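In this text the structure is predicted, and so the values were computed from the model without any measurement.
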Amino acid sequence: MIESLTSVLRRDWRRFLLPPAVAWLVSNLITWMIAKASTAGDGSSVAYWSTAGRRRWDSEHYLSIAKTGYEMFWCHERYPNFPDVMCGNVAWFPGYPMMVRAFSATGLSYEISAVVITEVALFGMFAVLWWLLGGRLSWATGLTLAIGGVFPGGIYFHAIFPIATGTLALLACVVGVKRGSWGIAAAGGFVATACHLVGAVAVGMLLASVLFAWRKDSWPLRCAKGVGAAAIAGSGALWAKWLMWQATGKWDAYEIIQESSYKQGGLHEPFSAMAKAYDVPFSK
């Protein structure tokens with residue numbers, strides 16, 4: 001399989017790699033231009049090509065997990081002026097930080113490692129998407145890549161953040177289902193779930209795949225593949241919980257900090273929450 005893929009890439013590398021490469025370059029160019037037109041807190045333009053320009057608020061938590069692992073503590077114990085709530089980094093999943101930690105073994109700093117992993121994952125995301133689209137340029141496939149390059153909120157595809165890695169993992173999960181490869185589907189689902197809670201959608205997709213995928217197999221085997229892959233995908237969240245428990249001694253560390261610091265515990269009526277989020281004027 002690897003030899004056949006290599007021969008295809010040698011023969012048709014322009015068709016398979018050039019469009020994703022162009023999409024990746026254009027995405028960086030547009031984001032750089034937006035950063036250039038924006039201003040930082042000191043009035044200067046945002047330095048897109050620096051690691052500081054790639055940081056968002058959550059980035060500090062992902063970097064701290066990569067550097068020192070998980071921790072949870074009462075905020076007032078370290079910061080006397082803080083309210084009596086929990087602090088720590090157990091509200092963030094470990095998939096991306098563990099990749100950063102592993103890559104930092106090359107000698108690069110954690111910050112540079114994080115940016116490299118993000119950009120490599122973004123290129124991989126475009127490449128896998130292009131393969132799923134059939135690898136042939138048309139108005140439909142070209143526009144799909146273009147939308148991926150300028151997607152609203154796409155700044156997080158370039159930030160020290162797990163969106164690019166998680167999206168790549170979800171696409172790999174789709175590739176596994178499409179090719180009938182149980183291992184690829186399960187591995188992609190595991191990584192997606194371990195990167196971000198949103199990646200848990202892979203569990204539902206893999207359960208539903210019993211109805212439309214694995215058609216060469218008998219129904220019992222189809223059920224075994226779909227349910228088994230979904231179980232492995234869901235274990236990404238269990239791995240995250242296990243790491244949090246190892247560091248804090250609490251299985252519910254994630255839920256504790258979400259409820260204490262962010263008031264996000266339990267279930268909420270979604271429509272009123274959405275109405276509140278969008279009830280923001282765009283001008284004064």
Side-chain angles (χ1 to χ4, degrees), residues 55-105 110-111 113-114 117-118 121 156 159-167 169-170 173 186-207 227-270 273 276-277:
R55 294 190 186 211
R56 297 295 171 268
W57 188 78
D58 287 359
S59 301
E60 305 307 316
H61 294 290
Y62 288 115
L63 287 172
S64 71
I65 296 168
K67 293 176 182 178
T68 60
Y70 281 115
E71 62 175 347
M72 185 173 70
F73 52 91
W74 287 104
C75 298
H76 62 77
E77 293 177 355
R78 297 189 188 180
Y79 314 108
N81 295 327
F82 254 66
D84 191 23
V85 296
M86 298 299 299
C87 282
N89 53 19
V90 291
W92 291 266
F93 275 37
Y96 176 65
M98 292 301 102
M99 295 180 197
V100 173
R101 178 181 292 186
F103 195 80
S104 68
Y110 286 98
E111 290 77 10
S113 297
I117 287 175
T118 292
Y156 283 94
I160 298 176
F161 213 79
I163 296 300
T165 52
T167 303
L170 283 174
C173 187
F190 177 89
V191 174
T193 305
C195 281
H196 200 282
L197 185 60
V198 174
V201 298
V203 176
M205 182 193 73
L206 289 168
L207 288 174
V227 174
I232 292 177
S235 66
L238 294 179
W239 176 58
K241 298 274 283 183
W242 181 80
L243 289 175
M244 294 172 189
W245 169 72
Q246 288 281 297
T248 67
K250 296 181 181 296
W251 276 107
D252 57 347
Y254 177 84
E255 290 79 9
I256 288 173
I257 199 168
Q258 288 284 7
E259 174 62 30
S260 174
S261 299
Y262 306 105
K263 306 301 179 185
Q264 294 182 358
L267 298 175
H268 300 273
E269 197 277 302
K276 182 179 178 180

Quiz item: If you look at every heavy atom in Ala253 and Thr248, which pair is closest and at what distance?
Solution: CB-OG1, 3.6 Å
Exercise. Apply ring-ring contact (aromatic ring centres under 6.0 Å, His included) to Phe161 and list each qualifying residue two or more places apart in sequence or on a separate chain.
Key: Tyr62, Tyr156
Quiz item: If you look at every heavy atom in Ala66 and Pro97, which pair is closest and at what distance?
Solution: CB-O, 3.4 Å
Self-check item: Minimal non-hydrogen separation, Tyr254 against Ala91, with atom names
Solution: CE1-O, 3.6 Å
Quiz prompt | All salt bridge (charged side-chain N to carboxylate O under 4.0 Å, His left out) counterparts of Arg55, not counting sequence neighbours | solution = Glu60, Glu111
Quiz item: side-chain hydrogen bond (donor to acceptor under 3.5 Å, both in side chains) with Asp252: which residues, sequence neighbours excluded?
Solution: none
Self-check item: Qualifying residues under side-chain contact (heavy atoms from CB on, under 4.5 Å), relative to Leu170, sequence neighbours excluded
Solution: Ala192, Val201, Ala202
Quiz prompt | Validation row: Pro162, Trp92 side chains within 4.5 angstrom (heavy atoms) | solution = no
Exercise. Using the test side-chain hydrogen bond (donor to acceptor under 3.5 Å, both in side chains), find all partners of Ser260 that sit at least two apart in sequence or belong to another chain.
Key: none
Quiz item: salt bridge (Lys or Arg N to Asp or Glu O under 4.0 Å): which pairs involve residues 69-90, sequence neighbours left out?
Solution: Glu71-Arg78
Exercise. Just jot down the side-chain contact (heavy atoms from CB on, under 4.5 Å) partners of Asn81, sequence neighbours excluded, or say none.
Key: none
Self-check item: Worked verdict on Cys195 versus Phe93 for side chain to side chain contact (heavy atoms under 4.5 Å, CB included)
Solution: CA-CA 6 Å; Cys195 281; Phe93 275 37; 6.0 Å; no
Self-check item: Backbone of Ile160 reached by a side-chain donor or acceptor of Ser59 within 3.5 Å
Solution: yes
Quiz item: Got Gln258 and Val90 here, is their nearest side-chain heavy-atom distance under 4.5 Å?
Solution: no
Exercise. With sequence neighbours left out, write down each residue that passes side-chain contact (heavy atoms from CB on, under 4.5 Å) with Met205, or none if nothing qualifies.
Key: Cys173, Val174, Val177
Quiz prompt | side chain to side chain contact (heavy atoms under 4.5 Å, CB included) assessment of Thr165 paired with Ile117 | solution = CA-CA 8 Å; Thr165 52; Ile117 287 175; 3.7 Å; yes
Quiz item: Can you tell me how far CH2 of Trp74 sits from OH of Tyr79, rounded to the nearest 0.5 angstrom?
Solution: 15.5 Å
Quiz item: Between atom CG of Asn89 and atom OG1 of Thr68, what is the distance when rounded to the nearest 0.5 Å?
Solution: 6.5 Å
Quiz item: Could you give all pairs that pass the side-chain hydrogen bond (donor to acceptor under 3.5 Å, both in side chains) test and reach residues 191-204, with sequence neighbours left out?
Solution: none
Quiz item: At their closest point, which heavy atom of Met86 faces which heavy atom of Met72, and how far apart are they?
Solution: CE-CG, 3.3 Å
Quiz item: Measuring from Ile257:CD1 to Met244:CE, what's the distance to the nearest 0.5 Å?
Solution: 9.0 Å
Self-check item: Residues which pass salt bridge (charged side-chain N to carboxylate O under 4.0 Å, His left out) with Lys250, listed by chain and number, not counting sequence neighbours
Solution: none
Exercise. Only counting residues at least two apart or in another chain, list the ones meeting side-chain contact (heavy atoms from CB on, under 4.5 Å) with Thr118.
Key: Tyr96, Ala164
Using distance only, find each side-chain donor-acceptor pair of residues 236-243 under 3.5 Å and give its atom names and separation, not counting sequence neighbours.
unit_1, atom_1, unit_2, atom_2, d
Lys241, NZ, Trp251, O, 2.9
Lys241, NZ, Glu255, OE1, 2.7
Lys241, NZ, Glu255, OE2, 2.9

